[in-house]
Amino acid sequence: MVGHRFVEALRARDTDGRWQVIVLGEEPRAAYDRVGLSSYVGSWDARALALPGNEYAGDDLVQLRLGVRAEALDRAARKVTASDGTVIAYDAVVLATGSYAFVPPVPGHDRPECFVYRTIEDLDGIRDAAAAAGPGAVGVVVGGGLLGLEAANALRLMGMTPHVVEFAPRLMPVQVDEGGGAILEQLVTELGLHVHTGVGTSSVEPAENGAGLRVSLSDDSVIDASLVVFSAGIRPRDELAREAGLQIGARGGVVTDLGLRTSDPDIYAVGEVAAVQGTCYGLVAPGYTTAEIVADRLLGGSGEFPGADLSTKLKLLGVDVASFGDAHGVTEGALSVVLHDAAKGTYAKLVVSDDAQTLLGGILVGDAAQYAALRPLVGSALPAEPAALISPAGAELGADALPDEAQICSCNNVSKGAICGAIAAGACDIAGIKNATAAGTSCGGCVPMLKKLLEQSGVELSTALCEHFPQSRQELFHIVQSTGIRRFSELIARHGTGMGCDICKPAVASILASTSSDHILDGEQAALQDTNDHFLANLQKNGTYSVVPRMPGGEVTPEQLIEIGRIAQDFGLYVKVTGGQRIDLFGARVEQLPRIWQRLVDVGMESGHAYGKALRTVKSCVGSTWCRYGQQDSVAMAVLLEKRYRGLRSPHKLKLAVSGCARECAEARGKDVGVIATEQGWNLYVGGNGGLSPKHAVLLAGDLDDETLIRYIDRYLMFYIRTADRLQRTAPWQESLEGGIEYVRRVVCEDSLGIAAELEAAMARHVAGYRDEWAAVLDDPAKLSRFVSFVNAPEQTDPTISFDDSGERKVPVLLGMPEIPVTSTPGK
């Protein structure tokens, strides 16, 4: 990651093309987000972790060699020998070799059932071993730090029972103190982890029966396990530098000065391998800083390492943990103010100066909402009493409490002053600030503070739906809900201006559909719909339509399957199985749609709503009914959910999935609502989206019974429908909420707004009022009359529609505009 940041920084500044860069990468893939490695679990899509621009396509001055390691560094000859035998002459070398996972010399540590947690290939190996062990098998993680808990969560998501062994007396000993560690252990234990603290690992041996392992601990206890993951820390990869005779730090790493220059003036080191004046930093933020400094130095600059902000904020198994500044109070005379609420599972500590006027550091566990405001205040005067800053009923920190030099974005070292300067120069939204300063473009933890700075600067962000309605979609939803208005003309007459447009009409149509069970083609509503909704089918590129019948959970009877085939034959349609466990029929002309629907309705099928901003599919695996790994009946749950939410109109399309175990065959974590079976019930994930910016769903609640699961999904979907913006999917909606997923959890699971019963009642009304949209058209002659190619010639078909079926697939033929003969007069 840091090596990639260096290349980006150098190429962005080297406008004259002074430097040619050759990148040697030992791994088989280009730079990826190793910090987000745990998100690979479940999706198993390595492409989602790829860093933007990591292959340097189109840049002739950067040469990327993957799977090639630097074997030797000849300083006298100024050459690098690579593992493929090539020898590269250099003017300068940048060592970005990072670190490796430390494995303590425990007897048996090199067994094939033992792994480290460092690369994509490591996780692939752990996944295969977990699959072979079967659901519920025990996995032991040696190390209870940040990476250890991430590894334990990964095992949990793979269907294993994780045990964490930590030599220190508490989890995450570097980041949290005794009190924070106690709360953290309480929270992760409730989520299914087995924690062993204050003990070491003595040996890893084969089990007596030859199946599995016996992991012996220093307290003489034994854990019977299927695999072991060592996550006991990292060590700098400094072997290349050692062999080249460069100065090495007392605890490893390549010693550099503040300019990141090693003992050889033509060799630099960045990231985890760099021991800056003897100290290595294992976080990405200081690593990025070193990369920027070396890029500056190679172009004649004089940048120096300013020191590292070792603050961290992370979410482990859904639990917030944050530490910043002098978290352990080592400063002489430091005082601590602690709020420990075991009942709520929260711990907050502020470390202040001896006069209680200056913030030195702090720890937050269970609720880290105040982190973004508190961390930039380290070293500054406190704006209120310390206890008030961490008390739920205390003072709320505003952006105006921060000095201009306060660092808002630690990943990219962006101060409050730089952000305010960008706002003054015209950056009037979050995207503008990101483009101007790079703040918020890495971990995203500073985005809430960016919003506060925008508000403080007096920037008023318009929430108007369009030029015809000054209200936001959320406000219009409440107006419709509270007034009972059912016609667009009445709504715009009373609350808007003009005649409406292609922005507000479909948005209002969606609101009207979400607040009643009226058919979308009833009366005035029909004119509001876009083409797909107007014809209850998806318009394709040659003017024909596709028809997608609903198949709840992917289930279909033989009779239905046969009839689909017959329809395709009779109407000459192209047939394709979709990724959402549906069968798509392409090439239907508009006047054929009702006849196709009638035949599908006759065999018990209905609209799959593939055309609407509504529930599309609930994908499932075969679950416990058929699969030997299945823990719950995923098909039955998927069918139940699809029948419950079918026809539910929303700001954007909705996709759900149910997986019968943590192997995730239904890809539930890529869906708006994902359900994954556990031994105790169901884990509920929300906010997963595909599209241009794919997002993994995040855990909302775990080990739910059927009733609680459905109740939470009811609340989540209705809350989204009420509050999201126009055409806003669930992932950006969650991110836009102040407090993010934690706020959603409080509203949905804890009913913090007191609206749970109201949301459930709204969903109950939808379920009770549902009627198939295709069947309703077939029963209404007025609606049927819409389905013609030409209103003034209902019997005539569209002559411009044609197909080419000469090859293996039937494809549409796109006809151009007819040629019109033109006569010309000379000179005109």
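This structure is a prediction, so every number in the text was calculated from the model and none was measured. Heavy-atom basis, side chains included; hydrogens, waters and symmetry copies ignored.
When side chains are defined from C-beta on, L24 counts as touching I88, because their heavy atoms get closer than 4.5 Å. Here the side chains of S218 and V199 are in contact, with some heavy-atom distance below 4.5 Å. P236 has its side chain out of reach of V254: every pair of non-hydrogen atoms, C-beta onward, lies at least 4.5 Å apart. Residues Y32 and E27 form a side-chain contact, since some pair of their non-hydrogen atoms from C-beta on lies under 4.5 Å apart. Taking 4.5 Å as the limit, some side-chain heavy atom of F6 sits within range of a side-chain heavy atom of L298. Two residues are said to be in side-chain contact when any heavy atoms from C-beta on lie closer than 4.5 Å; E166 and V195 fail this criterion. Within the 4.5 Å cutoff, no side-chain heavy atoms of S323 are placed close to those of V176. The closest side-chain heavy-atom distance from R34 to T119 is below 4.5 Å.
Not counting sequence neighbours, Y629 has no partner by the ring pair (Phe, Tyr, Trp, His ring centres under 6.0 Å) test. The side chain to side chain contact (heavy atoms under 4.5 Å, CB included) check on A72 picks up T81, with sequence neighbours excluded. For E121, the salt bridge (Lys or Arg N to Asp or Glu O under 4.0 Å) partners are R29, not counting sequence neighbours. In this view, F167 satisfies the ring pair (Phe, Tyr, Trp, His ring centres under 6.0 Å) rule with no residue, not counting sequence neighbours. In this view, P376 and L402, A406, I408 satisfy the side chain to side chain contact (heavy atoms under 4.5 Å, CB included) rule, not counting sequence neighbours. Residues that satisfy the side chain to side chain contact (heavy atoms under 4.5 Å, CB included) test with A207, not counting sequence neighbours, are N209, R214. Scored by the salt bridge (Lys or Arg N to Asp or Glu O under 4.0 Å) test, R11 finds D59 as partners (sequence neighbours excluded). The salt bridge (Lys or Arg N to Asp or Glu O under 4.0 Å) check on R69 picks up E26, E71, with sequence neighbours excluded. In this structure, the side chain to side chain contact (heavy atoms under 4.5 Å, CB included) partners of A697, at least two apart in sequence or on a different chain, are Y685. In this structure, the ring pair (Phe, Tyr, Trp, His ring centres under 6.0 Å) partners of H196, at least two apart in sequence or on a different chain, are H163. Shown here are the salt bridge (Lys or Arg N to Asp or Glu O under 4.0 Å) partners of E292, two or more places apart in sequence or in another chain: R5, R13.
Closest approach of V80 and A70 over heavy atoms only: CG1-CB, 4.0 Å. Of all the heavy atoms in K671 and E667, the pair that sits closest is NZ-O, 3.4 Å. Nearest heavy-atom pair across E8 and P52 is OE2-O, 3.7 Å. Closest approach of D257 to V276, counting heavy atoms only: O-CG1, 3.9 Å. Closest heavy-atom contact between C280 and G252: SG-O, 3.7 Å. Scanning all heavy atoms of the two residues, the minimum distance from A269 to T256 falls at CB-CG2, 3.8 Å.
At distances below 3.5 Å, not a single donor-acceptor pair connects side-chain atoms of S231 with backbone N or O atoms of Y117. Between the D33 side chain and the L51 main chain, no donor and acceptor come within less than 3.5 Å of each other. Although no hydrogens or angles enter the test, the distance criterion places a donor-acceptor pair under 3.5 Å between the side chain of T437 and the main chain of A439. Distance alone, capped at 3.5 Å, places no donor-acceptor pair between the R156 side chain and the L193 backbone. Looking at R669, its side chain never comes within 3.5 Å of a backbone N or O of I676 through a donor-acceptor pair. The closest donor-acceptor contact from the side chain of S226 to the backbone of G212 lies at 3.5 Å or more, if one exists at all. Judged purely by atom type and a 3.5 angstrom limit, W19 has no side-chain atom pairing as donor or acceptor with the backbone of L10. Of the possible polar contacts, none joining the R242 side chain to the I248 backbone as a donor-acceptor pair under 3.5 Å is found. The main-chain N or O of A668 is found under 3.5 Å from a side-chain atom of E664 such that the two form a donor-acceptor pair.
Rounding to the nearest 0.5 Å gives a distance of 10.0 Å between CE of M158 and CG of N153. Rounded to the nearest 0.5 Å, atoms CZ (R127) and CG (L123) are 8.5 Å apart. Atom CD1 of I223 and atom CG of L217 lie 4.5 Å apart (nearest 0.5 Å). With values rounded to the nearest 0.5 angstrom, R75 atom CZ is found 9.5 Å from D266 atom CG. The distance from atom CG of L73 to atom NZ of K79, rounded to the nearest 0.5 Å, is 13.0 Å. Taking CG of L171 as the start and CG of L184 as the end, the distance is 5.0 Å to the nearest 0.5 Å.
Other residues, nucleotides and ligands place no more than 12 heavy atoms under 6.0 Å from the CD atom of E55. Residue-environment remark: CG (D110) exceeds the threshold of 12 foreign heavy atoms within 6.0 Å. Crowding of R251 atom CZ: a count of heavy atoms from other residues, nucleotides or ligands under 6.0 Å not exceeding 12.
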- Just do the side chain to side chain contact (heavy atoms under 4.5 Å, CB included) check on D122 and F115 with the steps written out, would you? CA-CA 7 Å; D122 292 334; F115 301 87; 5.9 Å; no
- Task: Start with the C-alpha distance between L37 and I120, add both sets of side-chain angles, then the distance that settles side chain to side chain contact (heavy atoms under 4.5 Å, CB included), and finish with yes or no.
- Result: CA-CA 7 Å; L37 186 62; I120 288 175; 3.9 Å; yes
- Message: One pair to check against side chain to side chain contact (heavy atoms under 4.5 Å, CB included): Q277 and L258. What are the steps and the verdict?
- Response: CA-CA 7 Å; Q277 292 191 323; L258 293 178; 3.6 Å; yes
- Could you check L149 against V321 for side chain to side chain contact (heavy atoms under 4.5 Å, CB included), going step by step and ending with a plain yes or no? CA-CA 12 Å; L149 291 181; V321 181; over 6 Å; no
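Counting only N and O atoms by type, the side chains of T290 and Y268 include no donor and acceptor under 3.5 Å apart. With 3.5 Å as the limit, one finds a donor-acceptor pair spanning the side chains of H4 and Y56.
Between D14 and R18 there is no salt bridge, since no side-chain N of the basic residue sits under 4.0 Å from a carboxylate O of the acidic one.
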Would you mind writing out the side-chain donor-acceptor pairs for residues 91-108 within the sub-3.5 Å range, not counting sequence neighbours?
{"unit_1": "T97", "atom_1": "OG1", "unit_2": "R237", "atom_2": "O", "d": "2.7"}
{"unit_1": "S99", "atom_1": "OG", "unit_2": "R118", "atom_2": "NH2", "d": "2.5"}
{"unit_1": "S99", "atom_1": "OG", "unit_2": "E272", "atom_2": "OE1", "d": "2.9"}

